[in-house]
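For this chain, numbers begin at 1 and follow the sequence in order.
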Amino acid sequence: MQLRDNLELWTKDSIVTNGINSKKIPNVCVYEDVTIPEVMEKLKDVTKQTDSQEGIFGTYCTVCEYIQCPVDMAFEYAANIYSMEEWTYSVRQLKHIGGGLYKGLDFLGENTSIYIRAEAYPDSKVVDFPCAWDQGQELWMRYHYRFLDAMPTLRKPGTIMLWTNCKHPYYERNVADVPSYISENRNRTDREWIGDFWPYFYPGHQLEARNMKAILEYRFANG
């Protein structure tokens with residue numbers, strides 16, 4: 001499918017509909033059908049004073065950070081896979097093993113290799129790190145980053161970093177339908193499984209995002 005770029009006007013008849021008008025789709029809440037008082041009641045019903053960690057971080061883990069350096073500098077730094085040896089807590093000794101795939105050690109696990117690709121998209125300032133413990137056959141741990149220019153977004157110079165992870169089923173120990181290269185390594189008794197750390201992904205990634213912030217800000221201010 002060919003997409004228009006942002007210099008060409010879209011038209012209403014180019015919306016992807018599969019022949020179905022949105023008015024005929026259930027569970028779509030819009031002002032034509034739901035009044036403002038009614039929607040405010042809906043919002044109150046789903047808004048909780050407190051929530052469980054599972055309720056907040058059950059499937060998605062997103063960390064945001066403001067960095068006082070130009071967005072191009074932040075993007076170029078993160079796009080270089082070897083930067084992970086500086087700002088991540090435990091990924092070290094990365095080496096290219098062919099075809100854009102890198103192998104290193106993750107000291108979060110005992111005797112644990114990690115396999116990573118760096119996929120960078122300069123136009124959108126997106127960096128993806130598909131990776132996995134123990135094997136490079138299926139890079140199921142997906143780290144997604146976007147770097148935004150803070151000036152039009154927060155009206156101050158710098159960068160906003162958005163970082164999201166999703167909870168792949170392989171993180172869970174009780175998921176049975178997995179390949180042997182997952183089950184065998186998940187059952188190792190000499191270390192924790194990466195999924196055991198999922199409850200700590202948010203504070204752990206916040207720590208690493210602040211590492212990146214500290215490194216970039218210091219180099220920008222003093223380099």
Exercise for the section: Linking directly or through intermediates, with side-chain heavy atoms under 4.5 Å: list the remaining ILVMFWY members grouped with L105, chain and number order. Expected result: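 So far as hydrophobic clustering goes, L105 is joined with F107.
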Exercise for the section: Could you tell me if the ring centre of F129 sits under 6.0 Å from that of Y145? Expected result: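 Yes; Y145 has its ring centre under 6.0 Å from that of F129.
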Problem - Centroid-centroid under 6.0 Å between H205 and W163 rings - result: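 Judged by ring-centre distance (under 6.0 Å), H205 and W163 do meet the cut-off.
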Exercise for the section: State plainly whether the residues K125 and D72 are in salt-bridge range, i.e. N to O under 4.0 Å. Expected result: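 D72 and K125: salt-bridged.
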Practice task
Report yes if some heavy atom in the side chain of V71 is under 4.5 Å from a heavy atom in the side chain of L148; otherwise report no.
Solution key: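 V71 does not reach L148 side chain to side chain.
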Problem - Non-neighbouring partners of H96 that pass ring pair (Phe, Tyr, Trp, His ring centres under 6.0 Å), sequence neighbours left out - result: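 With neighbours one apart ignored, the set is Y102.
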Side-chain H-bond candidate by donor/acceptor type, [X] with [Y], under 3.5 Å:
{"X": "Q137", "Y": "Y115", "result": "no"}
{"X": "W198", "Y": "D196", "result": "no"}
{"X": "S124", "Y": "R146", "result": "no"}
{"X": "D106", "Y": "W133", "result": "yes"}

Problem - T112 side chain vs L108 backbone, donor-acceptor pair below 3.5 Å - result: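 No: the side chain of T112 does not pair with the backbone of L108.
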Practice task
Mark yes or no for whether R186, through its side chain, and E172, through its backbone, hold a donor-acceptor pair below 3.5 Å.
Solution key: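 Looks like yes, one N/O pair under 3.5 Å.
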Exercise for the section: Any salt bridge (charged side-chain N to carboxylate O under 4.0 Å, His left out) involving residues 82-97? Give me the pairs, sequence neighbours left out, ordered by first then second residue. Expected result: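 The answer is E86-R219.
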